Amino acid sequence: MRALARPDLDPATWWAQLQPLLTPAAATAYEFTDPGNVPVRMVTAAPTRVTSPSPYLAQVTVPTDVGPYVVLLAREGAGEPWRAERIIPPATVGP
């Protein structure tokens, strides 16, 4: 979320920092996002993990200055890094 919340960066720099944190599917979905259009500006507290029955999928809630984002995480195996599969803004934030 901290990599996402960087509207001050030019799109190429923003993408270079965000893309390695995404799954391939998420990278395709977010590739042409303009960081200036992302409403979140800062993470305001530590994320909270929601219990998941799978060692390969997780969900975290991340408090931000525009409300809590939900981030769906995936990994290919135990010990592999978590990557964002989907980043869901608060219901009160516009598209």
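As the structure is a computational prediction, the values presented were derived from the model and not from experiment.
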Peer 1: Between Val40 and Pro7, which heavy-atom pair has the shortest distance, and what is it?
Peer 2: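 Nearest heavy atoms, Val40 then Pro7: O-CD, 4.4 Å.
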
Peer 1: Quick one: pull up CE in Met1 and CG in Leu18 and give me the separation to the nearest 0.5 Å.
Peer 2: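 Met1 CE to Leu18 CG: 9.5 Å, rounded to 0.5 Å.
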
Peer 1: Starting at CH2 of Trp15, measure out to CZ of Arg6 and round the result to the nearest 0.5 Å.
Peer 2: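 Interatomic distance, Trp15 CH2 to Arg6 CZ, rounded to 0.5 Å: 16.0 Å.
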
Peer 1: Please find the pair of heavy atoms, one from Val60 and one from Leu73, that lie closest to each other, and give the distance.
Peer 2: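 Minimum heavy-atom separation between Val60 and Leu73: CG1-CD1, 4.1 Å.
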
Peer 1: If we check side-chain contact (heavy atoms from CB on, under 4.5 Å) with Val50, which of these qualifies: Leu72, Thr61, Val70?
Peer 2: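 Of all the options given, the one that passes is Thr61.
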
Peer 1: Starting from Val43, can I reach Leu21 by hopping between I/L/V/M/F/W/Y residues whose side chains sit under 4.5 Å apart?
Peer 2: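 No: no chain of side-chain contacts under 4.5 Å links Leu21 to Val43.
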
Peer 1: Do the side chains of Trp14 and Thr33 get nearer than 4.5 Å, heavy atoms only?
Peer 2: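 SC-SC contact between Thr33 and Trp14 confirmed.
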
Peer 1: Using a 4.5 Å cut-off on heavy atoms from C-beta on, say whether the side chain of Tyr30 contacts that of Leu4.
Peer 2: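 A side-chain contact is absent here, since even the closest heavy-atom pair is not under 4.5 Å.
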
Peer 1: Are Val71 and Arg86 close enough that some pair of their side-chain heavy atoms sits under 4.5 Å apart?
Peer 2: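 Contact flag for Val71/Arg86 side chains = no.
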
Peer 1: Name the residue from Arg75, Glu85, Glu76 that meets the side-chain hydrogen bond (donor to acceptor under 3.5 Å, both in side chains) definition with Thr23.
Peer 2: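 That would be Glu85.
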
Peer 1: Please give me the minimum heavy-atom distance between Pro68 and Pro90, naming the atom from each residue.
Peer 2: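 Taking every non-hydrogen atom into account, O-CG, 3.3 Å.
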
Peer 1: Looking at Arg41, I want to see if its CZ is surrounded by more than 12 non-hydrogen atoms of other residues, nucleotides or ligands under 6.0 Å.
Peer 2: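 Yes, enclosed.
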
Peer 1: Which pair of non-hydrogen atoms, one from Asp65 and one from Thr44, has the smallest distance, and what is that distance?
Peer 2: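 Closest approach of Asp65 to Thr44, heavy atoms only: N-CG2, 3.5 Å.
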
Peer 1: Compare every heavy atom of Arg83 with every heavy atom of Leu22, then report the nearest pair and how far apart it is.
Peer 2: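 Result for this residue pair: O-CD, 3.4 Å.
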
Peer 1: Measure the spacing between OG1 of Thr64 and CZ of Arg2 and express it to the nearest 0.5 Å.
Peer 2: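 CZ of Arg2 is found 11.5 Å from OG1 of Thr64.
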
